[in-house]
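Notes for the one structure printed next.
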Amino acid sequence: MSFPPNISFWEIKQYLRTIDLLIVGSGIVGLTTAIFYKRKNPAAKVLVLEKGMLPSGASTKNAGFACFGSASEILSDLKTLSEDEVFELVEERLNGLTELRTLVGDKNLEYQACGGFEVFRKEDDDLFEKCLTFISRANKEIENRIGIKQTYSLADNRIADFGFSGVEHLLLNQYEGALDTGKMMAHLLKLAAQLDVAILNGSEIVRFNDLSSSVEVELKSGLIIKPKRMHIATNGFAAHLLPNADVKPARAQVLVTSPIENLKVKGTFHMDEGYYYFRNVGNRILFGGGRQLDKTGETTTELEISSQIQNKLDEIIRTIILPETEFEIEHRWSGIMGIGETKKVIMNRISENVTCSVRLGGMGVAIGASIGKKSATMIG
């Protein structure tokens, strides 16, 4: 291979030659794949390419929910998956959270076992009745499969504690929690560095070709490298490299408030089949969602925010979550998830030397580490 004059001999020698495994994407799946692969193959040269300054999808932009399914979300999943598949997914999410907590450590995650509440307003009465009827069946199924008891319970007695307005009912998932997304990713980067995994940011791939003995990979800069194997872990951005796969981007928009004195809201919360979600981060409220208001417009990889969705978030936080409370919105942002017709992850061998793990369906925090571990085994 020949290299352009802006690449030195040392850079070529250290980073760009004799790459055993190239991983595309430095999010949760990309980094955990690298970590588990290096643990199995300590002599392998592993390079991770990331197109952004930070992971460009959702791994550093999510809300930090350690969740595995509200009652209404599980009921919604039953529309596209069998009951066995739905509860297998619940089990996978629980096991994935255990894998993440074991790998990173609760202290490094700043993990909080705060429980997850589902919020129902008056207009959600029909949905609430369906969920209330469903939770005994869900509890029994989860206990039989996983061994944990009484996952879901009615928690109407907690409504007044949180100071909500217009909330009629709460359902509690006692086994959900919260974590610090930034600390999680920082520790994954630390673990990767300790294993001598190299990460190059600002490196976007435009095409690849499996040559059977190696993979020819062209970067946007024009640079061409030839790793022995390549693993695609770009999730919401996967359609560019995998045009035939059933995966498309789904943008999620989020806001966070300034600090609020005597904040009553503590824990993690979902509304409207999980399309809205909020939690406290110390004495702030982090609130996101609303993609269902404009699914077409939110099927994008543009990391922008829209007035339609942000205005709705503002309305809900001021009238339902923090009524009669003085606060300011300190920051707004967005992240890109990867979704498809179902929530089944695409974890395949694309060709002899190319594999992928994409379409995490907004469940990256819950299943990302376990998918990374499985990916390392699939790569071989």
Side-chain angles (χ1 to χ4, degrees), residues 25 27-33 35-37 57-59 62-104 106 109 111 113 116 134-135 137-149 151-152 173-179 184 188 231 233 235-236 238 245-247 250 268 270 273-274 277 337-349 355-379:
I28 299 171
V29 175
L31 291 181
T32 54
T33 299
I35 290 164
F36 286 115
Y37 187 83
S59 291
N62 63 71
F65 279 61
C67 60
F68 57 90
S70 63
S72 69
E73 182 186 354
I74 293 175
L75 277 174
S76 179
D77 289 344
L78 284 168
K79 298 172 186 176
T80 56
L81 297 170
S82 70
E83 186 166 305
D84 266 353
E85 289 173 324
V86 167
F87 284 105
E88 283 171 6
L89 185 58
V90 169
E91 185 174 4
E92 184 177 359
R93 292 168 78 172
L94 271 163
N95 290 340
L97 286 167
T98 299
E99 190 74 62
L100 176 66
R101 292 171 65 186
T102 301
L103 178 65
V104 177
D106 283 357
L109 289 170
Y111 181 81
F134 175 66
I135 61 173
R137 174 174 146 211
N139 284 342
K140 183 177 179 181
E141 193 68 34
I142 292 172
E143 182 177 354
N144 289 341
R145 288 172 177 268
I146 304 164
I148 58 176
K149 297 181 179 181
T151 300
Y152 301 101
N173 179 334
Q174 66 168 321
Y175 298 110
E176 293 192 333
L179 51 81
M184 171 188 68
L188 288 175
H231 183 69
N235 198 24
D246 174 29
V247 57
T268 65
H270 290 90
E273 297 182 344
Y277 42 90
M337 304 175 290
I339 64 170
E341 292 301 315
T342 76
K343 282 188 173 179
K344 284 188 174 182
V345 176
I346 298 175
M347 191 166 61
N348 290 333
R349 185 168 295 279
T355 52
C356 76
S357 296
V358 298
R359 196 178 71 183
L360 272 68
M363 302 178 294
V365 170
I367 64 174
S370 61
I371 293 299
K373 189 174 187 178
K374 292 175 184 177
S375 298
T377 300
M378 175 178 64
I379 292 165

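Remember, predicted model here, so these are calculated numbers, not experimental data.
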Looking at every non-hydrogen atom in both residues, tell me the closest pair between [X] and [Y] and how far apart they are.
{"X": "C356", "Y": "M378", "result": "O-CE, 3.6 Å"}
{"X": "G69", "Y": "N173", "result": "O-ND2, 3.5 Å"}
{"X": "A71", "Y": "I135", "result": "CB-CG2, 4.0 Å"}
{"X": "T32", "Y": "G372", "result": "OG1-CA, 3.3 Å"}
{"X": "A178", "Y": "T268", "result": "CB-CG2, 3.7 Å"}
{"X": "Y111", "Y": "A66", "result": "CE1-CB, 3.7 Å"}

Inter-residue atom distance [X].[atom1] - [Y].[atom2], 0.5 Å rounding:
{"X": "E85", "Y": "L78", "atom1": "CD", "atom2": "CG", "value": "10.0 Å"}
{"X": "N139", "Y": "T151", "atom1": "CG", "atom2": "OG1", "value": "5.0 Å"}
{"X": "E91", "Y": "I146", "atom1": "CD", "atom2": "CD1", "value": "5.0 Å"}
{"X": "I371", "Y": "T33", "atom1": "CD1", "atom2": "OG1", "value": "9.0 Å"}

With a 4.0 Å cut-off, would you call R137 and E141 a salt bridge? no
Salt-bridge contact R93-E73 (side-chain N to carboxylate O under 4.0 Å): yes
Evaluate the side-chain contact (heavy atoms from CB on, under 4.5 Å) criterion for residues V247 and I339: first the C-alpha distance (whole Å), next the side-chain angles of each, then the deciding distance (0.1 Å), finally the verdict. CA-CA 5 Å; V247 57; I339 64 170; over 6 Å; no
In chain order, what residues pass the ring pair (Phe, Tyr, Trp, His ring centres under 6.0 Å) check against Y37, with sequence neighbours excluded? none
Side chain to side chain, [X] and [Y], heavy atoms closer than 4.5 Å:
{"X": "I142", "Y": "Y175", "value": "no"}
{"X": "I367", "Y": "N95", "value": "no"}
{"X": "S70", "Y": "E176", "value": "no"}
{"X": "F87", "Y": "L81", "value": "no"}
{"X": "Y152", "Y": "I74", "value": "yes"}
{"X": "F36", "Y": "L103", "value": "yes"}

Would you check if the side chain of [X] reaches a backbone N or O of [Y] as a donor-acceptor pair within less than 3.5 Å?
{"X": "S76", "Y": "S72", "value": "no"}
{"X": "S59", "Y": "I28", "value": "yes"}
{"X": "N235", "Y": "V358", "value": "no"}
{"X": "E92", "Y": "L89", "value": "no"}
{"X": "Q174", "Y": "K149", "value": "yes"}
{"X": "R145", "Y": "K140", "value": "no"}

Is it the case that T342 and T80 place a side-chain donor and acceptor less than 3.5 Å from each other? no
Pairs satisfying ring-ring contact (aromatic ring centres under 6.0 Å, His included), at least one member in residues 63-83, at least two apart: F65-H270, F65-Y277
Show the numbers, then the answer: is there a side-chain contact (heavy atoms from CB on, under 4.5 Å) between S375 and H231? CA-CA 8 Å; S375 298; H231 183 69; 3.6 Å; yes
Stepwise side-chain contact (heavy atoms from CB on, under 4.5 Å) check, I148 with E143: CA-CA 5 Å; I148 58 176; E143 182 177 354; over 6 Å; no
Taking it one step at a time, do S357 and V29 satisfy side-chain contact (heavy atoms from CB on, under 4.5 Å)? CA-CA 8 Å; S357 296; V29 175; 4.0 Å; yes
Enumerate, atom names and distances included, each donor-acceptor pair closer than 3.5 Å involving a side-chain atom of residues 359-366, sequence neighbours excluded.
unit_1 : atom_1 : unit_2 : atom_2 : d
R359   : NE     : K344   : O      : 2.8
R359   : NH1    : D246   : O      : 3.0
R359   : NH1    : D246   : OD2    : 3.0
R359   : NH2    : K344   : O      : 2.5

